[in-house]
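Just so it is clear, the structure is predicted and the values come from calculations on it, not from any experiment. Chain naming here is simple, since letters A, B, ... match the order of the sequence lines and numbering starts at 1 in each.
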Amino acid sequence: MADQYDHRSIEKKWQEKWKESKAFAATDDSAKPKTYVLDMFPYPSGEGLHVGHPKGYIATDIYSRHMRMRGHNVLHPMGWDAFGLPAENYAIKNKIHPRVAVEQNIANFKQQLADIGFDYDWSREINTTDPAYYKWTQWIFLQMFKKGLAYQSSEPINWCPSCMTGLANEDLDGDVCERCGTKVEKKRLPQWVLKITAYADRMLEDLGGLQWPEYIKEAQRNWIGRSEGALLKFQITNNKSQIEVFTTRPDTLFGATYIVLAPEHPLVEEFGNAEVKKYVAKAQSKTEIERGAAKEKTGVELKGVKAINPATKEEIPVFVADYVLWGYGTGAIMAVPAHDERDYEFANKFKLPIRQVIEPTYEQTTEPGKIKKGEPFDHREAIIAIVKHWAEDKYIALKWKKVAWGTFITGGIEKGQTPEIAARAELEEEVGYTDAEFIKDFGIVHGKFYHVPKKTNRNAHAHVVYFELRSDARKPVAAEEESIHEMLWLTAEELKKFLTPDTHQHGLRWLLGTQSIYTGNGTLANSGQFDRLESEEAKKKITEFVGGKMTTTYKLKDWVFSRQRYWGEPIPIIHCPTDGAVAVPEKDLPVLLPEVTSYEPSGTGESPLANIQEWVNTTCPTCGGPAKRETNTMPQWAGSSWYYLRFMDPHNDTALVDPKKEKYWAPVDVYVGGDHAVRHLIYARFWHKFLYDIGAVSTTEPFARLEFLGFILAEDGRKMSKRYGNVINPQTVVAQVGADTFRLYEMFMGPFENTTAWNPASINGVSRFVERVWKLQDAVQESAVPALDTIVAQTVKKVGDDIEAFKFNTAVSQMMILLNAVEKEKTIGKAQWMQFLQILNPFAPHLAHELAERAGFVTTDWEQWPTYDATKLTAAVLSLGVQVNGKLRGTVELAPTASQEEAVAAAQANAVVAKWLSGADITKVVYVPGKILSLSVKSA
RNA sequence: GCCGGGAUGGCGGAAUUGGUAGACGCACGGGACUCAAAAUCCCGCGAUGGCAACAUCAUGAGAGUUCGAUUCUCUCUCCCGGCACCA
C-alpha cells in the first residue's frame, strides 16, 4: 500500500529539485523550435496576491510545461511593473520609501508564487524601477524625441487635484481619475506628448492578422475611432477668414443650413458679444461628460457673422453650442438638420430651416430580388400607392403568387403622368377600385433590387402616394392581374409583418408618422447638378466641387506623457536657455532618479524633483552653458510598453535587446492577462511599431496570440478586496489542500475566460481526484489493459488539444473520465499509467513527478508529451441512436463500420423501435455511421 | 443609441462541418462500513405522469429550414463588456 499523500513534503521536494537543476531556464541558441509564453507582469502591491491573480499564471505554466514536453525551447519569464502612482501613494501612506516598499512587496509576491510551483525562468527577472532597465525606457523616449514623435505642448490637460498630477485621456474613468475617483480638472501645463496618432492607421490595419479575442480588437478599434470624411471651408461674409468644418457627410452639403462652433473655437472669442461670452464661460465650467449628459441642446447665435454655404452660395447663420466638441475634428460643424439627429434637435429648438437633400435608398440583400453584383441597373420612375378602406382602418395589400412577396399597390409611371394619375391607373387595373380620394404624396424612396421576370437589376424611384377610398365602387379585374397577386385588407400592425421590401416598409412608417429623420446614405435631391447621385459618389464629387479635401480623423489623442510625481522614470531632457530642449546624450543614460527624503507631490504642477537643486542644475550638452533638467517623470505605462522585449535579453548593457536574440524569440506566441488591457495593448503596440521602424525589432506586432482571462470573485460574488474583508490568500489554500489541487481547481472552475466565484465546496472534487490518482499507483500492472486502450488514446488527444486551445476545464474533466474508467477496471498497465502521468504533469507537476519516480520511469522518457494511436480513438462497438420520425426511440450496439442494412436490421430487432415501426412503411432512411440512424415512416 | 459577447438542471458547466441534450464536478437524497461520527465506497438525481416498461415536455421567448436544431435563418426579451452629442 502506498503511504498517505503528503502534499507538503512532496511539493517542497520537487520545487527544490527544479530550482537546483534550473529546469526551466531558456537557452538563446537552441536548435529547437521556440515558444514565448508571457504573463502580463504584475504590479507588486502591498496587498499581495489573492487567489484570482495566479489563474493566468497557472494557465501559462501548464501551457509552457506542455510545450516543453513537446520538445520546444520555452521562454516563460516573470518580472515586476513597479513604477507609478499606486506604489508611490502606498509609500506615502505607510511612510516608507517607494523603493523599499517595492522591494518588500516583490519578496512577498515571489514567495506566494513559489508555493504554487511555477516554472518561471527567474534568471531573467526584470524590474521596471531598476536603473539597468529604465535606462532603455529612457533610450526609447530619446529615439522618439529625435524622430519628432515626442514633443512639448501646453494644451490644457486633465489634472487630478488629489493625485496632483496630469493624466492622459486613457487614465480617466469618464471624467474622474481612475485611481482615486476624484473629478479631474483642465489645467494648462507644459507637457511632453507622444505622437501615437501617427500610428493609428497601422494599429488599426494590423489588428486583422492577430489571434486575439474579438472584443479586445473591437475595443481597440473603438478607442482609435477612425472616421473618414471631408474638410470643407465656409467663407465668412464680413471678414476674410473662413470656417473649416469636418464632416463625414459632404453629400449633404446642400442641406447645411447653419454652422455650429465649439465654445473654444477662436472665432467665438473674436466675434462673440456679451451673451456669447456668458455662454462660453458656462460651457467651460462643465466637463465633457456633463455636456454630454445635458437633456436639451443649448447654444447661442454668433450675431453679426454669417457664413456662405459653398454649394448653395446662401448666407447661413453661425451658432456656438457645446454639443460640438473642440477636441474632435476642427471644432466646427456644418449642421444638416434634415439628416442628423443632433442638428435636427437643435434646429427645432432655434427654428432653423430644415432642408431634405437625401432620399432614402434601400438595396435588396435577400432573395427573392437580391441584387446581382456587377450587373447594370435600369432606372424606372414608379409609385407605391397606400390605399385606405372606405370604412375600416385597413389598407390594400398584395400577396404575390409566384414569389414570396407582400407589397402595397405598385407600378411604373408612364411618360407625362403625374404620380397621382399613375397610381389611380394601377389601383383600377390591379384591384378595380375607382372611388379614391388623393390625400398626400409623401416623397420618393429608392429601391434597388433584381427584377426576376425582367432578369435585370433595377433601381425604382418610387413616389409614395396615399389615397382613401370613398366607396366600394369597383370595376372587374382582368384574369391576368388576378393570377399575379391576391388582394388583402390588412391593418397597419399586420402590414408591418407582411410587407417584404424595405421601401414599402419605409412608406408605411411615413404613413404612420413613425419614420424619424433619415440619417442613412441615400440618393441626392435638391442638390443641383448632383441630384440622383448616390451618397458614396456624391461625397467625393461635392467635396471636389467646393474645393474641400477628403481626410481622416481619430478619437485617439496624442499621449500626454508627463507626470508631476516622484516615482517614475525621469524624462531624459535638458532645458537650455539658448538651445531649448536638448536630449541627454545616450552615453549619460540612465538619468538616475535621485534619492530624496521628501518625495510627496508639490501640488503646484511641478514635480517634486524640481526642488532638488543639485539634481536639476546641470550643463547643456550642446553649448556647455548652465541648464536645467526636465523634472517631470514618465507614466506607469512606460515601462510596461516594451518589457516583453527585455526578457529576451535581460542583462544586455549595450542594447535594449540583442538583434539575434530578438529574431529568435519574437514575437510573443501567447500573451495572457486581463484588466487594463486596452490601454496597455495600445501603448505597447505603438512603441513596438516605432521600434520596428527604427530597426530595433523584427516584427510589426508584439503579441501574436492573446488569451484573456475571467476573474475570480469572492464567495459573496463581489470583487476580492481588503475593503470587503473577503480576500483569500493562495498560500492559505495551498497549505490546506496542496498546490496541485489548487492548480487543478482554478482550471476546473469553468472556461478560462469566464468570471466565476470562488467555491470551497467545489475544491473537494479535485482534491478527491488527486487522492484517487495517488491511490492508483497500487493498481498498476505490467501488461496493458486492452479495455482502456480507447479511453487512454482519446484522453491523450483531448488533453493535448485542449491545452493548445486554453480549454483547461474540459482537459481536467477528461482526465477525471479516464480515472473513472481505470477504477472501474481496477487496474492499469504500466505504459498506460505513464501516459496518464505525462498528460497530468503540466496540471499537477508535483504529484506527477512523485508518482513517475515511484513507478521507476526515466525522466527523459516520461517527461515528454505522449503520442496516441489514432486507430484506437474509436471504440469497436458504439451505441447508436435510432430515431423514428425525428424522435429517439432506442439505441442499438453496433460497430461504426456496419452497413445501412445491418443498422436497419439491428434497429428492427430493438423492441421499442419495432413497436414504432409496426404497421408502417419506412419511407426514408438516413444513416450516419457511428452517429445516428433516422427512419421516417408512414402508417400503411 | 451603436458595436462585441452571451442565456442549457439546485450550482459551475459539457456537447457546433446540425446527429442519443445535461459529460465532468459540486450540492442533495438513499444505502454499505462504524458503538458513533468523519473519511471512503455503492446507488439515485431536468420536469410531469406511471409500481414499472414507457410516454409527454424541456437548452431565454416566438416563428422558420430539416429525416433530425442547444448548434443554421428571422423577430423579440434579458444579461455582461466596450464606446457614446465623435459631426
Exercise for review: Only stems of 3 or more consecutive Watson-Crick or G-U pairs count here, both distances under 3.5 Å; name the ones for RNA chain B, or none.
Suggested key: B:1-7 with B:77-83, B:10-12 with B:24-26, B:28-32 with B:40-44, B:46-49 with B:54-57, B:60-64 with B:72-76

**Study point:** Closest listed nucleotide, where the reference is the side chain of A/Lys807 and the choices are B/rA15, B/rG82, B/rC85
**Key:** B/rA15

Review point. What distance, rounded to whole Å, do you find between the two C1' atoms, one in B/rG81 and one in B/rC28?
Key: 35 Å

Review point. According to a strict under-4.0 Å criterion, is A/Tyr328 in side-chain N/O contact with OP1 or OP2 of B/rA87?
Key: yes

Point to revise | Distance test, side-chain N/O of A/Asn820 to OP1/OP2 of B/rG25, below 4.0 Å | key: yes

Check your understanding: What's the closest nucleotide to the A/Arg768 side chain, out of B/rC24, B/rU20, B/rC26?
Key -> B/rC26

Check your understanding: Of A/Ala332 and A/Gly930, whose closest RNA chain B nucleotide lies nearer the 5' terminus?
Key -> A/Gly930

Practice item. Tell whether A/Ser934 reaches the base of B/rC67 with its side chain through a donor-acceptor pair below 3.5 angstrom. Key: yes

Practice item. Establish, for the pair A/Lys297 and A/Phe346, whether the NZ or CZ atom is under 6.0 angstrom from the six-membered ring centre and no further than 45 degrees off its axis. Key: no

**Study point:** Nucleotide nearest A/Thr891 when distance is taken to its side chain, options B/rA55, B/rG4, B/rU20
**Key:** B/rU20

Practice item. Give the nucleotide from the list B/rA87, B/rG13, B/rA23 with an atom nearest to the side chain of A/Ser813. Key: B/rA23

Check your understanding: Is the shortest side-chain N to carboxylate O distance from A/Glu753 to A/Lys807 below 4.0 Å?
Key -> no

**Study point:** Residue-phosphate contact under 4.0 Å: A/Trp223 side-chain N/O, B/rG4 OP1/OP2
**Key:** no

Review point. Starting at NZ of A/Lys887 and ending at P of B/rU20, how long is that distance when rounded to a whole Å?
Key: 16 Å

Practice item. From the options B/rG19, B/rC26, B/rG4, select the nucleotide whose nearest atom is closest to the side chain of A/Ala761. Key: B/rC26

